[in-house]
Amino acid sequence: MIEYCKRHKEFVGICIVLLIYNIWCLFFRTFIYDEYWTFNQFISNGFVYVYTHYNPSNHMFYSELATLIYAITGNVLFSMRIIPCVCSLVNIFLLYYLCYKFFGKWESLGAVLIYLGNWMVNSKLVMGRGYTLSMTFFFLVIILLYHICHSEKVTKRWYIGFILCSILGIHTLLSFGYYLAIICSVSGIFLFLYHRDRIIPLCISCICCIIGSFLLWMPMLIVQGCENCNYDVSTFFFSDPSTMDKVLHSGLQDVFQNRWILENSGKTIWECCVHIWQTIGNVFPIYPHVSSCLVLIICFLGCCLQKNKQSSLYIRLLIGLSLPITLILMILQGITPYYRIYIYLAVPISLGVASILHFIIDWKYQKVITYACYILFCYFIVSLHYDYFENSYLHDTKFQKITTVIPWKSMKTICSCSKYSFVYLDFYSKIYHKQFKVDIHYPDVLLVYGEKLKDKEWLIPYEKLPWKWAYSAMYCAYRDDYWIVYIRR
């Protein structure tokens, strides 16, 4: 272990920097709106509720793990953030391991730094959602399929590992199907060219993934279907076949008839292309069109610059086919998915950079690569700074300040101009074990948008807020550019 750390001391240094950043975020970085909502709607309601109620924002396996940790520790911030903190470290280790299979140390370092500097990744490094966990399963699936494709003798444990990681990945994020479609297509092409006898076992494994995922989701489909149809869950298995079919059909509708998943919203090929172009425009913190062009160049060069041999074909296919397969899936579904699921595109982009660096090293420009890695490290640090100061964390930090002036013990009623504020308020009411009611006439606390948020949607029009009551019986306890808080005297 000590010898490994000495040999890869640069990578160990990056891990230490990321660990320090994660620890700081774990204890000092405030929640964002999505995390508040996840806790309110699912984690605070216990494991059984999380497992039996689906929502696109409920990343089920993540929520189940977080619920168990919360039940043990009772600490909301720790229970929601510890999973992505650990997974982000595991992910860069798996990426480094994968790159080291094909390239050298410096190319692998470059891939890790580009991966961490990617906005789609670093904005979710510690986010209390299932994106980072799903990436862990994606890396594991890539590595397992690499062994299936390249090993002289394939053992059953590779297929079993692939099935388990795929099932848990889908259970975490339904959009993990995008991840699987890409890597299974890449593996299928490789096996068709070199090991056709392994295609059937891989297809059987994919079928097992589908069956296993469906069985794991069955309790949720039954419970939500029964709730939709007003049936008693305890009598489901004693119902007639037509009733069971109706319940399951209702549960499946809840899962799949969603505009972020499989609803046919009639997107044209051009609209799908524009969506992909705009998405990859967010990869680097530069002008969007420049970022999009840079991503395409990286993928093209990363795919083409490698020597045309069997050992590198697997990685070249992954680099070159990820974007086209994603576009094909979007066109077939007729939708443009939520931008956060595209975190998986950070993998082919990172591998593309490693491939380009490897090509440069082949031309004996070792010093250039060393300096390039130093530059990429600076880019990684700057991207973390960019993420913290440019995304929605600032807005949520402002709301957290409000919670310090609200009199939770004495407050019984509240009025707010923002429907989103009630997600925050509900969260803190659970933390402080205090329930409140909404009163639009004589509230104890009044929340109003500040100057920077005045253009947002108002739940109650400005002129209909209880201003007379505020000026006569309340005082301004907090004011900034985002929020104004009035409290009853």
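These numbers were taken from a predicted model, which means no experiment stands behind them. These values consider heavy atoms only, across backbone and side chains, with no hydrogens, waters or symmetry-generated copies.
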Please report the interatomic distance [atom1]([X]) to [atom2]([Y]), rounded to the nearest 0.5 Å.
X	Y	atom1	atom2	answer
Phe162	His147	CZ	NE2	14.5 Å
Leu465	Ser416	CG	OG	8.5 Å
Lys105	Cys99	NZ	SG	14.5 Å
Leu351	Phe102	CG	CZ	8.5 Å
Ser108	Leu113	OG	CG	11.0 Å
Tyr146	Leu98	OH	CG	8.5 Å

Can you name the residues that form a side-chain hydrogen bond (donor to acceptor under 3.5 Å, both in side chains) with [X], not counting sequence neighbours?
X	value
Ser350	none
Ser322	none
Ser213	none
Gln41	none

Whether the side chain of [X] engages the backbone of [Y] through a donor-acceptor N/O pair (distance < 3.5 Å, no angle test) should be reported.
X	Y	answer
Thr136	Asn91	no
Trp469	Pro443	yes
Ser44	Phe39	yes
Ser205	Tyr159	no

With a 4.5 Å heavy-atom cut-off, do [X] and [Y] have their side chains touching?
X	Y	value
Pro219	Tyr51	yes
Met80	Tyr36	no
Cys476	Ile484	yes
Leu109	Tyr96	yes
Leu116	Leu125	yes
Thr326	Tyr344	yes
Trp217	Ile167	no
Glu64	Leu68	no

Open item on the list: As a quick check of understanding, evaluate side-chain contact (heavy atoms from CB on, under 4.5 Å) for Phe138 and Tyr178, giving each step before the final call.
Closed with: CA-CA 10 Å; Phe138 184 43; Tyr178 275 82; over 6 Å; no
Checking [X] now: which residues fulfil side chain to side chain contact (heavy atoms under 4.5 Å, CB included) with it, not counting sequence neighbours?
X	answer
Thr67	Ile43, Phe47, Val50
Ile211	Ile207, Leu215
Leu65	Phe61, Ile83, Leu133

Open item on the list: Go through it in stages, so that I can follow the logic: the residues are Tyr62 and Thr38, the test is side chain to side chain donor-acceptor pair (under 3.5 Å), and I'd like the CA-CA distance, side-chain angles, deciding distance and then a yes or no.
Closed with: CA-CA 11 Å; Tyr62 161 79; Thr38 300; over 6 Å; no
Open item on the list: With side chain to side chain donor-acceptor pair (under 3.5 Å) as the rule and sequence neighbours excluded, what pairs involving residues 69-79 come up?
Closed with: none
TODO: Answer yes if the ring centres of Tyr100 and Phe11 are under 6.0 angstrom apart, and no otherwise.
DONE: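 Aromatic pair excluded; centres sit 6.0 Å or further apart.
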- [ ] Start with the C-alpha gap between Arg479 and Tyr486, add the side-chain angles, then the distance that decides, and say whether side-chain contact (heavy atoms from CB on, under 4.5 Å) holds.
- [x] CA-CA 9 Å; Arg479 180 190 293 269; Tyr486 294 93; 3.8 Å; yes
- [ ] Just do the side-chain contact (heavy atoms from CB on, under 4.5 Å) check on Leu26 and Asn22 with the steps written out, would you?
- [x] CA-CA 6 Å; Leu26 184 62; Asn22 283 355; over 6 Å; no
If every non-hydrogen atom of [X] is compared with every non-hydrogen atom of [Y], which pair is closest and at what distance?
X	Y	value
Ile406	Met411	CG2-SD, 3.7 Å
Pro84	Thr132	O-CG2, 3.7 Å
Leu144	Cys165	CD1-SG, 4.0 Å
Ile114	Ile349	CG2-CG2, 4.3 Å
Gly130	Thr172	O-CG2, 3.5 Å
Arg489	Tyr475	CG-CD2, 4.0 Å

- [ ] Let me see the working for Ile343 and Val121 under side-chain contact (heavy atoms from CB on, under 4.5 Å), right down to the final yes or no.
- [x] CA-CA 6 Å; Ile343 184 174; Val121 173; 4.0 Å; yes
Applying ring pair (Phe, Tyr, Trp, His ring centres under 6.0 Å), can you list everything that pairs with [X], at least two apart in sequence or on another chain?
X	value
Tyr342	His275
Tyr49	His53
Phe139	Tyr115
Phe176	Tyr179

Open item on the list: Testing Arg129, Met135, Met60, His59 one by one against Leu173 for a side chain to side chain contact (heavy atoms under 4.5 Å, CB included), which residue passes?
Closed with: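 Passing option: His59.
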